[in-house]
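One structure below.
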Protein chains: 4
Amino acid sequence: MEPLERKAQILGHAARLFGQSGYHDTSISDIIAAAGIARGTFYLYFENKRSIFEELLDGLLSQILGRISAVDASPDAPSPREQLIDNITRVIELFADERHMLEILFKGAVGLDREFDAKLQDFYEALVDEMIGSLDQGQVMGLVRPCDTRFAARIALGAFKEMLHERFYNPDREDEDPRKLAAEVLDIFCKGVLEDGVAIP
Amino acid sequence: MEPLERKAQILGHAARLFGQSGYHDTSISDIIAAAGIARGTFYLYFENKRSIFEELLDGLLSQILGRISAVDASPDAPSPREQLIDNITRVIELFADERHMLEILFKGAVGLDREFDAKLQDFYEALVDEMIGSLDQGQVMGLVRPCDTRFAARIALGAFKEMLHERFYNPDREDEDPRKLAAEVLDIFCKGVLEDGVAIP
Amino acid sequence: MEPLERKAQILGHAARLFGQSGYHDTSISDIIAAAGIARGTFYLYFENKRSIFEELLDGLLSQILGRISAVDASPDAPSPREQLIDNITRVIELFADERHMLEILFKGAVGLDREFDAKLQDFYEALVDEMIGSLDQGQVMGLVRPCDTRFAARIALGAFKEMLHERFYNPDREDEDPRKLAAEVLDIFCKGVLEDGVAIP
Amino acid sequence: MEPLERKAQILGHAARLFGQSGYHDTSISDIIAAAGIARGTFYLYFENKRSIFEELLDGLLSQILGRISAVDASPDAPSPREQLIDNITRVIELFADERHMLEILFKGAVGLDREFDAKLQDFYEALVDEMIGSLDQGQVMGLVRPCDTRFAARIALGAFKEMLHERFYNPDREDEDPRKLAAEVLDIFCKGVLEDGVAIP
DNA sequence: TATGAATGAGTCTTCATTCAT
DNA sequence: TATGAATGAAGACTCATTCAT
């Protein structure tokens, strides 16, 4: 088999297994059995167990970033709101297509070791930074009310992650339109949950 | 040593180690070395490695729940807003006192196995249910605008978790007043980040 | 079993196996099978395969050094010649008692890795230094003819090693009196093989 | 590439690697990487790892033997002493030219397995037999004093090996004249280290 | 209640060798 | 001749758990 093809095949099986059972409960034996290859073949393509997981995670993080575009403010572009919703929708769709990846991101890669933790931190930090930029700009334009934008961005990240959770772990929502969820989470983050002009007593 | 005292002592060391190194990278050997006990003694107090971790996690989840009170609507009680902020503040303070517990909750217990995942799910689900109740009531009272309250509650949970993250993993915030953070996250969730009457174009 | 006893037992089996089959052809499985212990038990007493071999080699080198005494020049002591022969004899007897050790020293530990090589080098160097001292002193006393004493000492070492080889690998000599061999090698090193006053043409 | 040329090229790289890292720490991968050939190509020229090492060792032993000539007693020939020194010098020069070979002979091939051990034994035995012949003849001619000539020959071998060691592992001697060393070791073996007419007390 | 020696299933990893192309 | 993907037996090592004392 062609090296690239074989590597992709192994990665595919590994992704499924890591997603199903987590990093520690997936053994090299499991992977090679699923891929139908010999033990040595695995090590022809990956240095060790850690590295195949890392490759998987790196690929996932890149794919996510690849689905997020900076908002295009030119007149011909869709409205900013549309673009934001598009971004969120595309990420939801990514996980809809590769469900295992959600497990890997939300469970498998969490707390594995210091290096993986740092990798995730950095990834989330990059997302947050992106959002801080937009919020800061929004403040300048008078759209965003005065607040700690880093804090707000972090909250947006949490809202977004939990929206994914709701969509993918609540069976009632497994068919829900990604676009609708994207709009919903964006709305809550922008306008909050209270009626206009109302405050908690 | 008194059995209960000894058990508590072992739990303490285990909490620290699990928090520092995670479940898999903490061995029974590490725990007994830290506690200064013999291998067999450990198994006098805990059935196995899993069970000591479970005990730790259960204790943590109880403590969290114990710090959250339902909003008391009686006239003598503090305002609902105060009570909500109090709840959030108490949870922040819990983690400020026992930092390891945050690691255990956010990293150590994530993706460990199906059973632990379910336990965490149930815990978060309980929190969400609580919030749904409040939001539903808010809708009835005309405070909360029409929306999917389960979805909104989930978002609130995500916002809250990420606030904890921001507080405890961002060195710039390690001394920030828990009360202020509690108010801030509550505000964003209630009013959103946009200026009144404004919308994203 | 008492730890020290068990450790000694394992060391004994390992010595035999390393002596018979060499370092690489002796597996942990071989050792534990011979010792009748479980795999984990081995690692209770030795960090790894290398370390048990090292312990064996260190022990051997110490034993050798322990059987060599500096020549005592006091009037009550036996004659220097007797003392030198005693030293050599004791070393021959050591290997006669623990034949495996000879294999370990002459074959098993040779060329294993840089660290073991250095250990052996250092050991031989120490022996050579000892001999250099004696030869230098002999020169001062007019006993030893002018020559490069370091070179001569090295030659003495080679002569001694090959004498051991002859004694232990030539079946005709396996019962030969250690004392006689000691005297013989000492004589050749001191007087050479030529008749007095004769030279190679 | 011409088969013989290719084979020689592979042998050259293998010799260097075996000399540097020893038999076990040199992998087929190392050899083919150094030689710039494919894995399968290696097995076109050598049956297996053992056989390339054997070929190398056999070549080395032949070369050594090829540099040793029986002493020519005819009147036109150089003096016997000259011839002996010439023999020794040529062997020293061989190793000076191919240092790796020394490592292979003194470390790499030692204790590898029973068969290689036997091969080395046989080689040394042949050298010893040669020397026994000369010593016996010397005794007949009244040059060599009465002694066990096999034992003496063995000692000579040991002296010679250790001389090589001194020359090649002692940095102070790396430029020393081979001829001088040859004379020196021959002298010690012939006349010993003591002054004429002196004995150890 | 406490000890700690013993266990052995399970895991990752290496590497000489084969063989279809 | 040459290639290099594939093999799988064999190796070292870990660690949660048990149990006789």
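Note that the coordinates shown come from a computational prediction; the quantities given were computed from them, not determined experimentally. All chains are named by letter (A, B, ...) in the order of the sequence lines, taking the proteins before the strands, and each is independently numbered beginning at 1.
- Nucleotide E:dG8 has F:dC15 as its partner under the Watson-Crick or G-U criteria, with both atom distances under 3.5 Å.
- For the pair C:E2 and D:H24, both in contact range of DNA chain E, the more 5′-proximal nearest nucleotide belongs to C:E2.
- A cation-pi arrangement is present between D:K49 and D:Y23, with the terminal nitrogen or guanidinium carbon under 6.0 Å from the aromatic centre and inside a 45° cone about the axis.
- For DNA chain F, the residues of residues 26-45 of chain C within the heavy-atom distance limit of 4.0 Å (strictly under) are C:S27, C:I28, C:R39, C:G40, C:Y43, sorted by number.
- Under the Watson-Crick or G-U wobble criterion, with both distances below 3.5 Å, F:dT3 is paired with E:dA20.
- Judged by distance alone, with hydrogens and angles left aside, the side-chain atoms of C:T41 form no donor-acceptor pair with the main-chain N or O of C:I37 at under 3.5 Å.
- Rounded to an integer number of Å, the gap from CZ of A:F46 to P of E:dT13 is 13 Å.
- Taking atom CD on B:E47 and atom C1' on F:dA16, their separation rounds to 13 Å, with Å as the unit.
- What separates CE of A:M1 from P of F:dG4 is a distance of 19 Å, to the nearest Å.
- Rounded to whole angstrom, the span from the NZ atom of B:K7 across to the P atom of E:dA2 amounts to 13 Å.
- The distance from atom CG of A:D25 to atom P of E:dG10 is 13 Å, rounded to the nearest whole Å.
- Regarding A:R6, its CZ atom lies at a distance of 13 Å from the C1' atom of F:dG4, rounded to whole Å.
- Between the side chain of C:D122 and the backbone N or O of C:K119, no donor-acceptor pair lies under 3.5 Å.
- Nucleotide F:dG11 holds its P atom 13 Å from the OH atom of C:Y23, rounded to whole Å.
- A side chain to side chain contact (heavy atoms under 4.5 Å, CB included) with A:L60 is found for one member of A:I64, A:D58, A:L56 and no other, namely A:I64.
- Side chains of A:S21 and B:R114: a donor-acceptor N/O pair is absent below 3.5 angstrom, by distance only.
- The aromatic rings of A:F18 and A:F53 stand perpendicular to each other, their planes meeting at an angle above 60°, with 30° marking the opposite boundary.
- Residue D:P3 is the one, among B:K49 and D:P3, whose nearest nucleotide of DNA chain F lies closer to the 5' end (criterion: closest heavy atom).
- Between D:E103 and D:R99 a salt bridge is recorded (basic side-chain N to carboxylate O distance below 4.0 Å).
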